[in-house]
There are 2 protein chains.
Amino acid sequence: MPNESTPSGRTGRPRSAAADAAILAATRDALVELGWSKLTMGDVSARAGVAKTTLYRRWAGKNELVVDAVAELFDSLELPDRGCLEADVEDVVLQFAALLRRPEARTALMAVVAESTRDPALRDRIRSAIVDRQKRLVVLGRQRAQARGELPREPDDALAEPTTDLIFDVIAGTVVHRALVSSEPVDDLWAASFTALLMHGLRGSAGA
Amino acid sequence: MPNESTPSGRTGRPRSAAADAAILAATRDALVELGWSKLTMGDVSARAGVAKTTLYRRWAGKNELVVDAVAELFDSLELPDRGCLEADVEDVVLQFAALLRRPEARTALMAVVAESTRDPALRDRIRSAIVDRQKRLVVLGRQRAQARGELPREPDDALAEPTTDLIFDVIAGTVVHRALVSSEPVDDLWAASFTALLMHGLRGSAGA
DNA sequence: CTCTTACGCTACGAGCCGTAGCGTAACTCC
DNA sequence: GGAGTTACGCTACGGCTCGTAGCGTAAGAG
């Protein structure tokens, strides 16, 4: 979890797990106070009570460090089971919006995505650490809805994944855009409107 | 257009419009070659054949400069009139996707949005220079569709604007998320699937 | 007790930032 | 055509961050 090339040789002094936690927490604190652009490696190391060289031994740079620090925030996302897909989606939308209200997430998410446009390794790291963690909710919610007969099953398994991806991009993309680009509140009313729009779309267009 | 506090006093030597164009073009070139994070003011000034001090006389910093440089790219977006809302939406989606394939746009858009989370002035600048330029297409397309009877009119004018905002966030947010976060191709097939989903949603949920 | 690795600390060259100061160029008004 | 005003190019600067090297010490494994 912590860093890149973990040699993980058995012998020698092991890396301090406490240091990892302190560094990631310090990174989040620094993001809140300074924001992405003014955050420096030296500052994080000082906050964490750790030498700057230790930071570079575990993370290649600011990008990778911040991805890991922010990824932990996404563990809080959970899919409720209210027996109704629409209610479940609305709930997740509001959870995600609450996450995007946190200053660490706001300033870091867009920044690392921006960096990832020129760094394939960072893109993969974001995918596994953040994106996949969100997408699980969509996969799970869709399975439940199909089991309850709220959504049609895909006739062909080859169509199932593209549809899941589409739903995921619609939900995550729309909420992020509303919160960070349009920068208008994601409140109960808006979440209900958006969810209604999405549900009508899903029930109407079966396959494609 | 070019910068912030334009004194615009009548007397004295006027600012060179050619320099503005050269600077913005140089900024886009630098974005393509270096990306957002490695772009420096000194580099841009050298490319533009302009003194670094001239840059700072017109733009407060990298953020504002890049917003203006990228905003011009959005002038190319146009709403076609194919007589069918679905076809028009699909066309705009593909136009927007093509824009997001350009390296300047990819690396800059997310970056400036990230910065704007801690800078209200930058947020306003992005809104007027980029966001509003996109949103016009939605407003116009919706008017046409209502005139053709493809979409229901809002009973109350107070509901018209929130609905327009919602549609805008869905379209722009989903395409951006697909292209930059999921980083998967926005091709004809995907655009058709997404548009179909959106159209069903719009026809189904009238008011909200 | 030895071997191996992690850690803290210091120091360093390099690069960029944003500004000050000066002399010159371009344009307006009288 | 001269005086006033503003933009421009150039140089130089202190301050900050970067990422690394080198060294002595601490903590586990065998």
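A quick note: this is a predicted structure, and the numbers were derived from the prediction, not measured. So you know, we letter chains A, B, ... as the sequences are listed, proteins then strands, and number each from 1.
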- [ ] Please list, chain by chain and in numerical order, all residues satisfying salt bridge (charged side-chain N to carboxylate O under 4.0 Å, His left out) with A:E161, sequence neighbours excluded.
- [x] none
Task: Strand-adjacent residues in residues 32-48 of chain A, judged by heavy atoms under 4.0 Å from DNA chain D - done: A:T40, A:M41, A:G42
Protein-nucleotides 26-30 of chain C N/O pairs closer than 3.5 Å?
from: C:dA26; atom 1: O4'; to: B:R13; atom 2: NE; distance (Å): 3.4

Open item on the list: Can you measure B:K62 atom NZ to C:dG15 atom P for me and round it to whole angstrom units?
Closed with: 17 Å
Task: Partner residues of A:D124 under the salt bridge (charged side-chain N to carboxylate O under 4.0 Å, His left out) criterion, sequence neighbours left out - done: none
Task: A:E64 CD to D:dC18 P, straight-line distance once rounded to whole Å - done: 14 Å
Task: Listed partners of A:D29 passing side chain to side chain donor-acceptor pair (under 3.5 Å), at least two apart - done: none
- [ ] Could you pull out all residues at least two apart from A:R101 that satisfy side chain to side chain donor-acceptor pair (under 3.5 Å)?
- [x] none
Please produce a list of atom pairs where a protein N or O lies less than 3.5 Å from an N or O of nucleotides 9-12 of chain D.
from: D:dG9; atom 1: OP2; to: B:A51; atom 2: N; distance (Å): 3.2
from: D:dG9; atom 1: OP2; to: B:T54; atom 2: OG1; distance (Å): 2.8
from: D:dG9; atom 1: O6; to: B:R57; atom 2: NH2; distance (Å): 3.2
from: D:dC10; atom 1: N4; to: B:T53; atom 2: OG1; distance (Å): 3.0

- [ ] Write down the distance between CZ (A:R15) and P (D:dA29), rounded to a whole number of angstrom.
- [x] 16 Å
TODO: Kindly state each residue pair satisfying salt bridge (Lys or Arg N to Asp or Glu O under 4.0 Å) with at least one member in residues 40-53 of chain B, sequence neighbours excluded.
DONE: B:E33-B:R47, B:D43-B:R47
Task: Residues which pass side-chain contact (heavy atoms from CB on, under 4.5 Å) with B:S16, listed by chain and number, not counting sequence neighbours - done: B:A18, B:A19, B:R58
- [ ] Could you note down all residue pairs passing side chain to side chain donor-acceptor pair (under 3.5 Å) where residues 105-121 of chain A supplies at least one of them, sequence neighbours left out?
- [x] A:E115-B:S37
Open item on the list: Using the side chain to side chain donor-acceptor pair (under 3.5 Å) criterion, which residues pair with B:R153? Sequence neighbours excluded.
Closed with: none
Open item on the list: Checking A:D88 now: which residues fulfil side chain to side chain donor-acceptor pair (under 3.5 Å) with it, not counting sequence neighbours?
Closed with: none
Open item on the list: From CH2 of B:W59 over to C1' of C:dC17, roughly how many Å is that when rounded to an integer?
Closed with: 18 Å
Task: Closest non-hydrogen atom pair between A:F168 and B:S182, with its separation - done: CE2-OG, 4.1 Å
